[in-house]
Number of protein chains: 2
Amino acid sequence: MDENVCIETSKENMLALKDSLELLSGKWKFCILLSLYIYGSQRFKDLLANSVGGISPKVLSKELQDLENNLLITRTVNNTKPVTVTYALTKHAAETQPVINALITFGKKHRSQIIAK
Amino acid sequence: MDENVCIETSKENMLALKDSLELLSGKWKFCILLSLYIYGSQRFKDLLANSVGGISPKVLSKELQDLENNLLITRTVNNTKPVTVTYALTKHAAETQPVINALITFGKKHRSQIIAK
DNA sequence: GTTATCAATTACCTTTAGGAAAGTTACTAT
DNA sequence: ATAGTAACTTTCCTAAAGGTAATTGATAAC
């Protein structure tokens, strides 16, 4: 039976992996999250211009909505003129930090691997 | 100067993150790697039918080539009739394990978060 | 009343990812 | 000669991701 338990666990892990990928795969989500880690909560314009680099307003808007729907960020409209909107990480978003750190570590090591080739 | 050092590091991290995503983003690469972790080296047919689940031969072939070009797996043609081909993780691929584990952990926690909502 | 700012949204388009189905090559077994 | 197997490859197609540029709505400053 131990083998079946093991196979079950493997399938569970594969499903959990696929869940994560469905949400976080793509060019921008991790970058937005990293930017919010580094610089703290930010306004739309800051994310657009400074921190992420290269993203368009349309795509940024869509990605932020996805992240909000999945409880990883909060969206706060401020009482300023003109209106500003602040995006911040939720507590739950802390769960993505190990992923991002691991991706950064891999990215650095991988670069040297490829150069060495 | 400390602030500039910090900003430089941030940009470096963002680039490393983008490097990782360029290679590993998408529906299948992490699944293939996880499958090779769990079940060890496998043949094309095994990856296709059993372990990953749902991938087509065309896509599997392309993903395996990408991973091989990036030194994450090796491709070995065996002396069998008919020919079989075995795919195995390289030593360098071990660097992706923390990413995958973190993604699995996040996937599980995220599922309960979303259900609770 | 014109211009500017912020946070988008809309329309349009191109590129990439990915899937389905059939075909290919090389070999073996019957 | 025919059928089967393994590892692909090819063709064709759709859907999703992502980019560009212009526009919107609310507000305020000049």
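Letters A, B, ... mirror the listed sequences (proteins, then strands); counts begin at 1.
- Between Glu95(B) and Lys109(A) there is a salt bridge, with a side-chain nitrogen of the basic residue lying less than 4.0 Å from a carboxylate oxygen of the acidic one.
- At least one side-chain heavy atom of Leu23(B) sits less than 4.5 Å from a side-chain heavy atom of Leu72(B).
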Can you give me the N/O atom pairs linking the protein to nucleotides 5-9 of chain C at distances under 3.5 Å, or say none if there are none?
unit_1	atom_1	unit_2	atom_2	d
dC6(C)	OP2	Lys45(A)	NZ	2.8
dC6(C)	O3'	Val83(A)	O	3.2
dA7(C)	OP1	Val85(A)	N	2.8
dA7(C)	OP2	Lys45(A)	N	3.1
dA8(C)	OP1	Arg75(A)	NE	3.4
dA8(C)	OP1	Arg75(A)	NH2	2.4
dA8(C)	OP2	Tyr87(A)	OH	2.4
dT9(C)	OP2	Ser61(A)	OG	2.7
dT9(C)	OP2	Gln65(A)	NE2	3.2

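- Atom CD1 of Ile73(B) is separated from atom C1' of dA7(D) by 14 Å (rounded to the nearest Å).
- Put simply, CD1 on Ile32(B) is 13 Å from C1' on dG18(C), counting in whole angstrom units.
- When the C1' atom of dT9(D) is taken as reference, atom CD of Glu63(B) falls 16 Å away, rounded to whole Å.
- Residue Tyr37(B) is not grouped with residue Leu15(A) when hydrophobic side chains (ILVMFWY) are merged at heavy-atom distances under 4.5 angstrom, including chains of intermediate members.
- Contact detail for Leu36(B) and Tyr87(B): the closest heavy-atom pair is CD2-O, 3.6 Å.
- The separation between Ile55(B) atom CD1 and dA7(D) atom P is 15 Å, rounded to whole Å.
- Taking the side-chain hydrogen bond (donor to acceptor under 3.5 Å, both in side chains) definition, one finds that Lys27(A) meets it with nothing, sequence neighbours left out.
- Environment of CD in Glu68(A): crowded, with over 12 heavy atoms of neighbouring residues, nucleotides or ligands closer than 6.0 Å.
- With 3.5 Å as the limit, one finds a donor-acceptor pair spanning the side chains of Ser35(B) and Gln42(B).
- Here the C1' atom of nucleotide dA26(C) and the CG atom of Asn79(B) are 14 Å apart, to the nearest Å.
- Between the side chains of Asn70(A) and His110(B), a donor-acceptor pair is found at a separation under 3.5 Å.
- Between the P atom of dG18(C) and the CG atom of Leu60(B) lies a distance of 12 Å, rounded to the nearest Å.
- Applying a 4.0 Å cut-off to non-hydrogen atoms, the residues of residues 15-30 of chain A that approach DNA chain D are Gly26(A), Lys27(A), Trp28(A), listed by residue number.
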